[in-house]
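Below is one structure, written out as structure tokens; the observations come after it.
Chain A is the first sequence line, chain B the second, and so forth, proteins listed ahead of strands; every chain is numbered from 1.
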2 protein chains.
Amino acid sequence: MATNKKSEFDADEIQLADFAKALSHPARIAILKILAQKQSCICGQIVEGLPLAQPTVSQHLKELKNAGLIKGEIEGKTSCYCINWDTYDQFRTLFEAFDIRLDGGRQQVQNCC
Amino acid sequence: MATNKKSEFDADEIQLADFAKALSHPARIAILKILAQKQSCICGQIVEGLPLAQPTVSQHLKELKNAGLIKGEIEGKTSCYCINWDTYDQFRTLFEAFDIRLDGGRQQVQNCC
DNA sequence: ATTATATATCGCAAATATACGATGGATGAT
DNA sequence: ATCATCCATCGTATATTTGCGATATATAAT
């Protein structure tokens with residue numbers, strides 16, 4: 001039974017995993033690219049740029065927002081999204097620490113593989 | 001109905017998303033850390049280091065293997081795993097390209113948020 | 001006031017992920 | 001040959017994700 005064991009891991013591991021999950025669908029990666037590229041960040045333009053229906057895009061936007069990677073505001077008739085660079089930097093920092101830690105063991109003698 | 005739309009995205013986006021998915025569970029992040037740290041990469045030691053039952057760990061190992069991030073060999077009675085640095089570098093390269101692309105739009109004037 | 005437009009949300013269906021007990025296969029020890 | 005150990009795999013239960021049609025909401029236009 002899928003009891004949630006995630007909380008028993010280190011906070012850093014959980015947080016990095018959560019960020020990774022936010023990037024674990026090509027649509028969300030594409031959305032971040034679009035947001036970085038366009039000055040305007042109207043939802044409709046994002047929908048146009050993706051092979052997905054509007055409700056699906058809205059849902060991916062919501063997940064990115066939950067992960068803290070984007071911010072959104074309702075601007076009159078339209079909605080406006082942009083990247084939350086503070087959170088993105090935090091993610092990058094976490095990943096870099098992970099990356100460096102992996103690299104540390106890289107030169108060691110392997111006794112297998 | 002959950003028809004798979006993932007294939008309609010760019011190859012780079014799909015590949016990066018797949019790598020991200022491999023890191024989207026703290027257990028798999030922890031496993032990679034352990035593999036990098038220990039010279040030996042016996043499965044039993046991984047199980048000891050995680051708050052999960054052996055079949056569950058085995059399953060996470062399989063997913064990391066499917067993503068190409070680790071290699072595994074059966075060595076007599078025990079199994080031996082280690083990080084596949086070639087694939088890991090490929091992942092890092094993909095992420096870096098993505099990261100740089102995001103950063104490119106960073107200084108632009110935002111008309112919202 | 002009515003209508004059109006842009007998005008979010010609801011509700012559903014299908015697919016995938018998470019977790020583990022039970023079991024099986026292979027090796028090494030006795 | 002028997003037994004113990006290590007690990008993969010099967011089967012199963014539950015939870016989460018993905019996708020979208022239908023609908024609701026809120027603004028802008030007429």
Side-chain angles (χ1 to χ4, degrees), chain A residues 1-9 13-14 17-18 20-31 34-35 40-67 70-82 112-113, chain B residues 1-9 13-14 17-18 20-31 34-35 40-67 70-82 112-113:
Chain A
M1 22 178 144
T3 51
N4 208 0
K5 295 261 176 166
K6 283 180 192 169
S7 54
E8 298 183 28
F9 290 85
E13 289 168 353
I14 294 169
D18 283 344
K21 175 173 279 182
L23 299 186
S24 74
H25 194 290
R28 294 195 287 271
I29 290 182
I31 287 171
I34 292 171
L35 287 184
S40 64
C41 17
I42 311 298
C43 172
Q45 293 180 328
I46 300 172
V47 174
E48 275 175 34
L50 299 180
L52 297 171
Q54 176 265 322
T56 308
V57 172
S58 226
Q59 197 173 304
H60 283 301
L61 285 168
K62 195 179 178 184
E63 277 161 47
L64 284 170
K65 205 174 174 184
N66 283 342
I70 65 174
K71 296 183 281 189
E73 279 173 13
I74 296 172
E75 292 242 327
K77 191 167 63 173
T78 62
S79 277
C80 166
Y81 285 102
C82 45
C112 53
C113 300
Chain B
M1 14 161 164
T3 50
N4 210 359
K5 295 259 176 166
K6 283 179 193 172
S7 55
E8 298 183 27
F9 290 85
E13 290 167 352
I14 294 169
D18 283 345
K21 176 173 278 181
L23 299 186
S24 74
H25 194 291
R28 294 193 286 271
I29 291 182
I31 288 171
I34 292 171
L35 287 184
S40 64
C41 18
I42 311 297
C43 173
Q45 293 180 329
I46 300 171
V47 174
E48 275 175 33
L50 300 180
L52 297 172
Q54 177 265 321
T56 309
V57 173
S58 225
Q59 199 171 301
H60 283 301
L61 285 167
K62 194 179 178 184
E63 277 161 47
L64 284 170
K65 204 173 174 183
N66 283 342
I70 65 175
K71 295 183 279 189
E73 280 172 12
I74 296 171
E75 291 243 327
K77 190 166 65 173
T78 62
S79 277
C80 166
Y81 285 101
C82 44
C112 53
C113 301

_Both atom distances under 3.5 Å, Watson-Crick or G-U wobble: I'd like the secondary structure of DNA chain D as a dot-bracket string, with | for pairs made across strands._
||||||||||||||||||||||||||||||

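Rounding to the nearest 0.5 Å places CG of A:Leu61 at 5.0 Å from CD1 of A:Ile70.
The side-chain hydrogen bond (donor to acceptor under 3.5 Å, both in side chains) test applied to A:Glu63 returns A:Arg28, not counting sequence neighbours.
As rounded to whole Å, 10 Å separates atom C1' of C:dT16 from atom CG of B:Asn4. Nucleotide D:dT17 holds its C1' atom 14 Å from the CG atom of A:Leu64, rounded to whole Å. Look at CD1 on B:Ile31: it is 11 Å from P on C:dT18, rounded to the nearest Å. Regarding A:Ile42, its CD1 atom lies at a distance of 15 Å from the C1' atom of C:dA8, rounded to whole Å. Whole-Å rounding puts the B:Leu61 CG to D:dT9 P distance at 11 Å. Taking atom NZ of residue A:Lys6 and atom C1' of nucleotide D:dT14, one finds them 13 Å apart after rounding to whole Å. The interatomic distance linking A:Lys62 (NZ) with D:dT16 (P) rounds to 14 Å, in whole Å.
Not one side-chain nitrogen or oxygen of A:Lys77 sits closer than 4.0 Å to the OP1 or OP2 atom of C:dA4. For the pair B:His25 and C:dA19, the criterion of a side-chain N or O lying under 4.0 Å from OP1 or OP2 is met. Distances shown here put a side-chain N or O of A:Tyr81 below 4.0 Å from the OP1 or OP2 atom of C:dA8. The phosphate of D:dA8 (OP1 or OP2) has a side-chain N or O of B:Ser79 nearer than 4.0 angstrom.
Contacts of B:Lys21 with the nucleic acid, taken as non-hydrogen atoms under 4.0 Å apart, involve only primed sugar atoms and P, OP1 or OP2. Within 4.0 Å (heavy atoms only), B:Gln59 reaches at least one base atom of the nucleic acid.
Sorted by residue number, the members of residues 47-58 of chain A with any non-hydrogen atom under 4.0 Å from DNA chain D read A:Leu52, A:Ala53, A:Pro55, A:Thr56.
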